[in-house]
Amino acid sequence: MSLNSNSAGCCDDSPTQVKPPFDELRRGRKSKGLKLFELENPIPKEITDTTDIQKMFDDFKLVPFASRDKKTGHALLYWYLMLAQLSPMNAACIEKTKKYVVGSKVFVERREDFEFETGGENQPVSTSESTAYRDTLNELVSYEGGIRKFHQNLMWSYDATGNAYVEASYSVVNGQMRFNLKYRKATEVLYVATNPGEMKRVAISPVWEYNYLKKYPPAIIPIAPNWIQDDQGVFRTVFHLKAGQNKWYGRPESEGADLYKYREVQDSVYVIRQSAGNFVGQLIIEVEEDDPTNNPAINDEDAKRAGFDSFVERMEDNYTNKGDDPSSVMITSRPAGGRPMFVFQIKPNTNENWYKVTGEMSEQRILRAYGLTLRFMGFDASTGFSSDTFIADYVMNVEPVLTEKRNTLMEFSNRILTTIWEVAGRMEMNDFSINFKSPITSQIEQFKTMQTNGGSNLNNSSGSIAGQPSR
């Protein structure tokens with residue numbers, strides 16, 4: 001049996017027609033124009049802290065990653081970390097940026113001013129100067145996990161959350177000073193709530209849970225250039241690199257595409273549930289009510305006793321993608337004395353082109369937020385793919401973006417070393433700094449030379465780039 005319709009294409013108005021529970025739906029107000037900022041945003045529910053988390057921030061006087069309307073929103077940090085791992089294009093941009101910004105062995109160069117161009121050229125660092133700097137650095141400073149991995153971790157954290165933290169410590173044993181630099185995850189560090197003018201401090205803990213913090217209080221460490229000495233005689237401070245102008249914590253430079261990163265995650269979850277969990281309702285079954293007065297099928301009170309706000313919310317949780325484990329069968333009722341049982345099958349959404357188009361829209365907006373290109377990410381573009389085309393695109397569009405990121409990262413890293421040289425009394429070391437190169441530096445230099453000489457083909461050179469996937 002199928003649904004009937006009249007000549008106007010509208011639903012049959014017979015008394016046995018099912019009445020949608022519109023009374024359960026929220027009533028809206030009429031508006032003469034589009035009120036963009038009154039549109040319901042699905043994200044706040046994703047980043048709202050529980051009551052226990054809010055109590056922890058209040059009792060320990062800590063600053064959450066975000067807050068609004070006197071409520072903490074520290075879950076925003078974990079939302080950003082989720083996007084950095086589960087949004088395919090966002091994760092790819094972060095990983096590739098990290099590998100190109102910190103893409104070589106560390107090298108020593110003369111100290112450079114990233115703000116001013118004086119017109120002169122720095123003299124190259126001699127082998128003896130580079131060796132002497134390396135030996136002194138290895139003698140006084142240790143990077144936890146190795147110097148290259150240390151900087152890659154900082155770059156990943158900065159792009160994913162807008163924040164990168166380094167805990168620096170030193171002690172003196174038998175007259176020998178030794179410094180240790182440790183990368184701290186963004187989830188391990190929280191600012192202590194201080195008044196304006198007070199020294200900024202951070203709390204460090206692997207777990208931010210009330211009972212855990214009562215048993216294992218977090219370490220309280222000042223922000224550089226201030227140091228604190230613990231009971232073992234070890235001096236500690238924390239360096240913080242943040243993006244943006246917020247007072248406490250930074251935000252990702254790519255936050256303009258946050259909605260599209262989230263959209264990629266949503267689409268992935270939808271498709272997985274469709275294929276594996278079979279979450280879309282595939283049957284509508286109508287049955288006759290037993291007792292519409294005392295035992296109605298559409299029952300708000302019964303839904304509230306089951307832990308829901310209304311019958312509509314209960315239906316959503318049981319039969320739509322809003323629920324954790326939705327059913328694939330829907331059952332509705334007809335009025336007592338109505339027609340026999342009715343079953344209608346709903347076909348699943350198999351519009352592949354819709355996913356393809358919306359997916360590409362999300363990818364393009366994420367790439368724009370990072371300042372990267374499809375070709376750089378390894379996908380063929382409209383003019384095809386070849387080594388010289390890739391390098392040309394890289395030099396014109398991508399290299400300026402990654403150079404700025406590298407400058408930001410290395411200015412932060414060398415500022416830490418400047419503090420160390422001051423404490424150690426080795427100010428002459430400030431004449432030099434450390435840096436990294438792109439993994440394709442030789443190809444870039446060759447391309448620029450060929451452009452100067454009127455050439456344009458790198459395909460047959462030893463530095464050719466191959467193995468890139470096509471889109």
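All residue numbers in this chain count up from 1 along the given sequence. Note that this is a predicted model, so its numbers are computed, not measured.
Atom-to-atom distance recorded for T187:OG1 and H74:NE2 is 7.5 Å, nearest 0.5 angstrom. Separating the CG atom in L154 from the CE atom in M410 is a distance of 9.5 Å, to the nearest 0.5 Å. Between the CZ atom in F432 and the CZ atom in R134 there is a gap of 14.0 Å [rounded to 0.5 Å]. Note that CH2 of W248 is 13.0 Å distant from CG of N163, once rounded to the nearest 0.5 Å. The structure places CG of N407 at 7.5 Å from CD of E404, a figure rounded to the nearest 0.5 Å.
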- request: Check the pair Y133 / I434 against side-chain contact (heavy atoms from CB on, under 4.5 Å), numbers first and verdict last.
  value: CA-CA 9 Å; Y133 185 94; I434 60 174; 3.6 Å; yes
Exercise for the section: Verify side-chain contact (heavy atoms from CB on, under 4.5 Å) between L190 and F57, making sure each step is shown before the conclusion. Expected result: CA-CA 10 Å; L190 285 175; F57 280 104; 3.7 Å; yes
List the steps, then state whether side-chain contact (heavy atoms from CB on, under 4.5 Å) holds for D431 with R111. CA-CA 5 Å; D431 293 338; R111 196 78 169 193; 5.7 Å; no
- Test log, rule side-chain contact (heavy atoms from CB on, under 4.5 Å), inputs V106 and R148: CA-CA 7 Å; V106 66; R148 186 180 180 189; over 6 Å; no
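Considering every non-hydrogen atom in both V395 and P400, the closest pair reads O-CD, 3.6 Å. Closest approach of L140 and A424 over heavy atoms only: CD1-CB, 4.3 Å. Here the shortest heavy-atom pairing between A203 and V192 reads N-CG2, 4.1 Å. Nearest heavy-atom pair across R263 and S362 is CG-OG, 3.7 Å. Minimum interatomic distance between P252 and D159 (heavy atoms only, all atoms of both residues): CB-O, 3.7 Å. Between Q152 and V102 the shortest heavy-atom distance is NE2-O, 3.3 Å.
Salt bridge status for K448 with E399: present, with a side-chain N to carboxylate O gap under 4.0 Å. A salt bridge links K356 with E360: the closest approach of a Lys/Arg side-chain nitrogen to an acidic carboxylate oxygen falls below 4.0 angstrom. In this structure, D258 pairs ionically with K261, as a charged nitrogen and a carboxylate oxygen lie closer than 4.0 Å.
Counting only distance, with no hydrogens or angles, the side chain of N90 and the backbone of L83 share a donor-acceptor pair below 3.5 Å. The closest donor-acceptor contact from the side chain of R236 to the backbone of I228 lies at 3.5 Å or more, if one exists at all. Between the T237 side chain and the N226 main chain, a donor and an acceptor come within less than 3.5 Å of each other. Of the possible polar contacts, none joining the R365 side chain to the G256 backbone as a donor-acceptor pair under 3.5 Å is found. Although no hydrogens or angles enter the test, the distance criterion places a donor-acceptor pair under 3.5 Å between the side chain of Y249 and the main chain of Y191. A donor-acceptor contact shorter than 3.5 Å links the side chain of T441 to the backbone of S438.
Counting heavy atoms from C-beta outward, I366 and E264 have side chains that approach closer than 4.5 Å. For the pair F239 and T419, the minimum side-chain heavy-atom distance is below 4.5 Å. Taking 4.5 Å as the limit, every side-chain heavy atom of Q446 sits out of range of all side-chain heavy atoms of I391. Counting heavy atoms from C-beta on, the side chains of M429 and L417 never come closer than 4.5 Å. Annotation: side chain of N435 is not in contact with side chain of N414 (no heavy-atom distance under 4.5 Å). Side-chain contact between W208 and P218 is present, with heavy atoms from C-beta onward closer than 4.5 Å. Using a 4.5 Å heavy-atom threshold, the side chains of V166 and F150 count as touching. Contact annotation: the side chain of L241 approaches that of T408 to within less than 4.5 Å [non-hydrogen atoms, C-beta and beyond].
Legend: side-chain hydrogen bond (donor to acceptor under 3.5 Å, both in side chains) pairs involving residues 135-147, not counting sequence neighbours, sorted by first then second residue: S142-N180. Residue pairs meeting the salt bridge (Lys or Arg N to Asp or Glu O under 4.0 Å) criterion with at least one partner in residues 179-194, sequence neighbours excluded, are E167-R184, R184-E188. For the salt bridge (Lys or Arg N to Asp or Glu O under 4.0 Å) condition, no pair includes a residue of residues 200-216, sequence neighbours left out.
Applying the 6.0 Å contact sphere to CD of Q229 captures more than 12 heavy atoms from other residues, nucleotides or ligands. Counting heavy atoms of neighbouring residues, nucleotides and ligands inside a 6.0 Å radius, atom CE of M199 exceeds 12 of them. Around OH of Y216, the count of heavy atoms belonging to other residues, nucleotides or ligands within 6.0 Å does not exceed 12. The local environment of OH in Y260 is sparse, with at most 12 non-hydrogen atoms from other residues, nucleotides or ligands closer than 6.0 Å.
Ring orientation note: the planes of Y394 and F390 are close to parallel, at an angle under 30° on the 30°/60° scale. Y262 and W79 have tilted rings, their planes meeting at an angle from 30° to 60° on a 0 to 90° scale. Ring geometry, F65 versus Y80: the interplanar angle exceeds 60°, so the pair is classed perpendicular (tilted spans 30 to 60°).
Contacts of E129 classified as side-chain hydrogen bond (donor to acceptor under 3.5 Å, both in side chains), with partners at least two apart in sequence or in another chain: R110, S126. When the side-chain contact (heavy atoms from CB on, under 4.5 Å) test is applied to A306, the partners found at least two apart in sequence or on another chain are F308, R314. Judged as a ring pair (Phe, Tyr, Trp, His ring centres under 6.0 Å), and not counting sequence neighbours, F107 has no contacts. With sequence neighbours excluded, the residues satisfying side-chain contact (heavy atoms from CB on, under 4.5 Å) with S157 are T161, Y183, A186. Residues passing the ring pair (Phe, Tyr, Trp, His ring centres under 6.0 Å) test with Y170, sequence neighbours excluded: F179, W227, F235. For A369, the side-chain contact (heavy atoms from CB on, under 4.5 Å) partners at least two apart in sequence or on another chain are S254, A257. E253 meets the side-chain contact (heavy atoms from CB on, under 4.5 Å) test with Y158, A243, K405; sequence neighbours excluded. Annotation: ring pair (Phe, Tyr, Trp, His ring centres under 6.0 Å) contacts of F412 (sequence neighbours excluded): none. Scored by the ring pair (Phe, Tyr, Trp, His ring centres under 6.0 Å) test, Y370 finds no partners at all (sequence neighbours excluded).
There is no side-chain donor-acceptor pair under 3.5 Å between T373 and N397.
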